[in-house]
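Numbering of ligands and ligand atoms starts at 1, following listing order. In this chain, residues are counted from 1 in sequence order. When reading the values below, keep in mind they use all heavy atoms of this one structure, side chains included, and skip hydrogens, waters and symmetry mates.
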Amino acid sequence: MKTIHVNTSHPYNVLIERNSLESCGGYIRSITQASRAAIITDDIVCRLYAQTVVDSLSASGFDCCIFTFPHGEQSKNLTVFGQILDFLCENNITRSDIIIALGGGVVGDITGFSAASYLRGVDFVQIPTTLLAQIDSSVGGKTAIDIKGGKNLVGAFKQPAMVICDSNTLITLSPEILSDGMAEAVKYGMIRDEKLFELIENHNLDTIHEVMDEMIYTCIDIKRDVVEHDEFDRGERMILNFGHTLGHAIEGWYKYTDFTHGMGVAAGMCLITDKLCDSEISGRLKACLKNYSLPTGTDIPMSELLPFCSKDKKRESDSLSYIVCRTIGKAEIVRVTVEEFNKFMED
Ligand SMILES: NC(=O)c1ccc[n+]([C@@H]2O[C@H](COP(=O)([O-])OP(=O)(O)OC[C@H]3O[C@@H](n4cnc5c(N)ncnc54)[C@H](O)[C@@H]3O)[C@@H](O)[C@H]2O)c1
Ligand SMILES: [Zn+2]
């Protein structure tokens, strides 16, 4: 087993081990005296993995209850959030009990926010089952739900009490969902670690499973380092947004259908790299993304895309920051006015 210690305001460990789902009860017992465990999951993950988790938790003396909601981003809303809170209350979950997020980023985000809100905070454990959730959303303490005005606009910083990554769960992912997570893995290589990038560029969607634990470990360790320096997202954490300004714009242009987040990030990384970096770097980036069936650009005219770039409700709107990697493994944050950004992207 590999362990990463995340030293945030509430420190915790990330455990990376194949088949750890089967022993999760013992690991969770090592951090809590809770008598009850409330598992929150979606219908797909419930069918695949809930029984294994319940068996392990029960063997470690937890009394389990499960709340399941329909899979997909459309469930990350106020209605399901309310249902989760009611479920926790009906099952007499107290502050000394534990909540478990079993699933992808949607489950992790809404469960984390429920755990932050219910009784003003109950400990929760992340058991991420998508690649994106394992290398990105389960670590770092951002939790959220969507409202009509936009994605992730309501949420809280709430670090998990433990994260358990079992890469065996990734075997049941569809190739599209695995690709989606690979875009974030490529991003980590680009911003921080050329060796990681090399590992990824030397594999493809079929062979990446051979080095999955090594890749997951390295990605989480990069996220750990960034989050430890900027837990509450005031500056440095922004480098994790490489490819995301244009990526979000592309996702928005497609109204969050057809183009997934990973596809947006992949295209976004290519657009900015094409614009500002040597052709050798953009060539390597594109070849690598192609190994994972990810897009390397977009046909949307820049003039239609740019209005979506400045629509970030979480920041002031007359300027924006974008990230550029002029060499593989090194990222810079560049702050410009929206006007300057539009001008140089359109040139
Ligand atoms: N909190 C953060 O820091 C952060 C960071 C990045 C993304 N996010 C959020 O994460 C969400 C996206 O996460 P996601 O891509 O994991 O989406 P998701 O949770 O919707 O999972 C994708 C699909 O895979 C299915 N699935 C999950 N695990 C599976 C498995 N092992 N086998 C087969 N199918 C499985 C799910 O049922 C779902 O249909 C978005 O809401 C995004 O905003 C949060
Ligand atoms: Zn992302």
Open item on the list: Let me check your reading of the structure: within less than 2.8 Å of the Zn ion (ligand 2), is there an N/O/S atom from E184?
Closed with: yes

Open item on the list: As a test of reading the structure, name the N/O/S atom of H244 that is nearest the Zn ion (ligand 2).
Closed with: NE2

- [ ] May I ask you to check whether Y49 and T172 show a side-chain donor-acceptor distance below 3.5 Å?
- [x] yes

Task: No-hydrogen, no-angle side-chain donor-acceptor test under 3.5 Å, S167 and D213 - done: yes

Task: Distance-only side-chain donor-acceptor flag, Y12 / Q126, under 3.5 Å - done: no

TODO: Salt-bridge test for D97 and R36: reply yes if a basic N is under 4.0 Å from a carboxylate O, no otherwise.
DONE: yes

Task: Identified side-chain contact (heavy atoms from CB on, under 4.5 Å) partner of I40 from the options I99, I100, L102 - done: I99

- [ ] Spell out, as yes or no, whether a donor-acceptor pair under 3.5 Å connects the side chain of D42 to the backbone of V45.
- [x] yes

Open item on the list: If we count only N and O atoms by modelled type, under 3.5 Å, do the side chains of H209 and H203 hold a donor and an acceptor together?
Closed with: no

Open item on the list: Which protein residues come within less than 4.0 angstrom of ligand 1, counting heavy atoms only?
Closed with: D42, I44, V45, L48, Y49, H71, E73, K76, G104, G105, V106, D109, T129, T130, L132, D136, S137, K142, N152, T169, T172, L173, I177, K223

